[in-house]
Amino acid sequence: MPDGVRGVEFQESGTWKKAKMTGDNGQRYEIQPTSAERTHFRLRITDAHGKLVNQGRAYLFRAPGCTTLACSALYTPVTYTTG
């Protein structure tokens with residue numbers, strides 16, 4: 001990101017919520033799923049100036065290997081779409 005990352009937001013029940021940073025370098029955030037099956041996610045990023053990246057573009061993805069409790073791996077590459 002040209003201006004760095006200040007935060008990540010995830011969408012839950014139609015509302016954007018701030019994700020909890022889980023690492024001190026600003027590159028790991030805990031997000032919640034948008035689906036009851038806990039497999040679909042929607043997020044957007046805020047830059048270091050507090051502005052939404054790409055005019056608030058939302059990134060949508062499905063995380064394989066996720067269950068009602070947790071995802072099976074700490075890092076799972078996924079394909080995504082934007083909206």
Side-chain angles (χ1 to χ4, degrees):
M1 299 269 152
D3 292 325
V5 174
R6 175 180 281 180
V8 173
E9 297 177 338
F10 63 92
Q11 195 172 44
E12 184 178 59
S13 301
T15 302
W16 288 104
K17 298 185 177 181
K18 291 185 179 194
K20 177 183 175 186
M21 187 186 310
T22 60
D24 63 358
N25 62 359
Q27 296 181 9
R28 283 190 342 202
Y29 290 87
E30 182 179 313
I31 61 172
Q32 298 299 316
T34 59
S35 66
E37 302 83 27
R38 302 186 57 81
T39 56
H40 292 79
F41 299 80
R42 182 182 190 106
L43 60 88
R44 62 187 185 182
I45 302 166
T46 305
D47 71 15
H49 303 289
K51 296 180 183 176
L52 290 171
V53 172
N54 293 323
Q55 294 78 43
R57 175 180 291 161
Y59 297 86
L60 311 127
F61 62 95
R62 179 182 177 277
C66 291
T67 67
T68 56
L69 298 177
C71 292
S72 60
L74 291 177
Y75 172 75
T76 305
V78 296
T79 57
Y80 64 91
T81 59
T82 59

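- Within the model, atoms CZ of Arg57 and CG of Leu52 stand 12.0 Å from one another, a figure rounded to the nearest 0.5 Å.
- Taking each heavy atom of Ala58 and Trp16 in turn, the nearest pair found is CB-CH2, 4.0 Å.
- Considering NE2 of His49 and CZ of Arg6, their distance stands at 8.5 Å, rounded to 0.5 Å.
- Across every non-hydrogen atom of Tyr29 and Thr22, the tightest pair is N-OG1, 3.9 Å.
- Residue His40 holds its NE2 atom at 10.5 Å from CZ of Phe61, rounded to the nearest 0.5 Å.
- Shortest non-hydrogen contact noted between Val8 and Leu43 is CG1-CB, 4.2 Å.
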